[in-house]
Amino acid sequence: MDVIETVEAMAASARASVRAGERVAFVPTMGYLHEGHLSLMRLAKEKADRVVVSLFVNPTQFGPNEDFSRYPRDLEHDLACCREAGVDVLFAPSAEDMYGRGYSTYIDEEEVGHQLEGQYRPGHFRGVLTVVAKLFLIVQPDVAVFGQKDAQQLWLIQKMVNDLNFPIQIVSGPTQRESDGLALSSRNAYLTPEHRQQATCLFLALQEAVRLYQAGERNVYMLRKAMMDLVEAQPEAQMDYIEVVDQETFAPVTTALKPCVALLAVWFGKTRLIDNMLLVDAGSA
Ligand code: AMP
């Protein structure tokens with residue numbers, strides 16, 4: 001596995017791949033890798049000759065009071081994971097190299113990008129879309145793989161690719177979970193044992209929404225109420241939002257007549273968790 005630490009060297013490697021006619025699949029990450037990331041790497045391997053993974057804790061997607069400085073990092077572990085997954089290139093640039101002095105160009109999706117996560121984390125998706133666009137231009141992949149775990153991010157990246165004509169196919173991978181349903185996340189490392197136990201309420205709430213939907217419930221007030229009751233039953237849970245949106249447009253709906261996504265963001269102490277599930281009829285999930 002090549003470990004590349006500068007934008008210049010990564011761009012040169014990308015040009016060599018293009019010249020060699022290799023099909024490249026790309027998996028962007030912020031590191032502290034877990035089975036969710038590894039599942040995307042495996043998917044990437046199925047789609048291409050060469051797999052590039054980036055490891056970059058992107059400062060521009062964190063708000064001033066967020067967890068950028070304490071975001072978990074473990075380079076040795078991440079290197080071992082990538083080697084084991086058969087990754088060809090690990091691209092781990094520095095923030096200084098990605099955002100040179102006086103950096104001032106950003107990509108912002110002005111509608112969905114300012115709702116839900118974008119409303120509670122102002123500027124978050126502007127940072128995400130900017131870094132993903134930069135990484136796409138540096139790595140020049142044919143395919144890029146993202147997790148359904150971050151459903152709004154996935155939607156926005158597909159939108160950016162469509163709007164800005166990036167010649168890149170976006171592929172999504174299903175959310176990988178712990179045995180009790182908690183979605184794997186690098187941020188789970190922050191949870192105290194007590195919060196960890198209570199955090200299964202995100203999964204339980206989403207599962208209940210799916211169960212009600214599949215039993216014919218289409219009233220979003222009822223679906224949200226059922227989810228809220230399960231989250232609020234946990235003494236330490238503090239909700240940011242629980243929402244149901246149209247899968248295609250990501251617009252909030254009051255009646256779930258088309259396939260929808262139920263999403264929630266919940267705090268446990270200083271740890272903020274997000275999760276989502278598709279609301280589709282049984283058998284079509
Ligand atoms: P992150 O390192 O958190 O920025 O995530 C990098 C990529 O991994 C994103 O495309 C995420 O959606 C994806 N991802 C994170 N957690 C999971 C999970 N539990 N299952 C599948 N993919 C995930």
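These numbers come from the heavy atoms of this one structure, side chains and all, not from hydrogens, waters or symmetry mates. One-based numbering, in listed order, for ligands and for the atoms of each. Position 1 is the first residue of the sequence, and the numbers go up from there.
Contacts of L40 with ligand 1, taken as heavy-atom pairs under 4.0 Å, involve the side chain alone. With a 4.0 Å cut-off on non-hydrogen atoms, R177 does not touch ligand 1 at all.
Summarising the contacts of atom 3 (O) of ligand 1 with Y71, F56, Y32, the nearest heavy atom is found in Y71. Closest heavy-atom approach to atom 1 (P) of ligand 1 within the set H37, Q148, E178, Q153: this belongs to H37.
The single protein non-hydrogen atom nearest to atom 20 (N) of ligand 1 is Q176 N, 2.9 Å, given as residue, atom name and distance. Nearest protein heavy-atom neighbour of atom 4 (O) of ligand 1: M30 CG, 3.5 Å. For atom 11 (C) of ligand 1, the closest heavy atom belonging to the protein is D150 OD2, 3.0 Å. With hydrogens left out, the protein atom closest to atom 23 (C) of ligand 1 is K149 CB, 3.9 Å, a heavy atom. With respect to atom 21 (C) of ligand 1, the closest heavy atom belonging to the protein is P174 O, 3.4 Å. At the top of the distance list for atom 10 (O) of ligand 1, counting protein heavy atoms only, stands G147 N, 2.9 Å.
Summarising the local packing, CE of M222 is surrounded by 12 or fewer heavy atoms from other residues, nucleotides or ligands at distances under 6.0 Å.
The shell of residues lying under 4.0 angstrom from ligand 1, judged by heavy atoms, excludes E35.
Although no hydrogens or angles enter the test, the distance criterion places a donor-acceptor pair under 3.5 Å between the side chain of Q214 and the main chain of V280. With hydrogens and angles ignored, the 3.5 Å screen pairs no side-chain donor or acceptor of D2 with any backbone N or O of I4. Under a 3.5 Å cut-off, the side chain of R187 and the backbone N or O of L273 do not form any donor-acceptor pair.
Within ligand 1, counting atoms from 1 as listed, the ones closer than 4.0 Å to a heavy atom of T29 are 2 (O), 6 (C). Applying the 4.0 Å criterion to heavy atoms of F146 picks out, from ligand 1, the atoms 10 (O). If you number the atoms of ligand 1 from 1 as listed, the ones under 4.0 Å from a heavy atom of L184 come out as 16 (N), 17 (C), 18 (C), 19 (N). Within the listing of ligand 1, atoms 6 (C), 7 (C) sit less than 4.0 angstrom from a heavy atom of P28.
Using cut-offs of 30° and 60° for the angle between ring planes, the Y190 and Y71 rings count as perpendicular. Taking the six-membered ring where the residue is Trp, F166 and F136 present perpendicular rings, their angle passing 60° and hence far from 30°.
Applying the side chain to side chain donor-acceptor pair (under 3.5 Å) test to every pair with at least one member in residues 74-87, sequence neighbours left out, gives no pairs at all.
Residues H37 and G31 approach most closely at CE1-O, 3.8 Å, considering heavy atoms.
Interatomic distance, OG of S54 versus CE of M10, reported as 9.0 Å (0.5 Å rounding).
By the side chain to side chain donor-acceptor pair (under 3.5 Å) test, T255 is found to be paired with no residue, residues two or more places apart in sequence or in another chain being considered.
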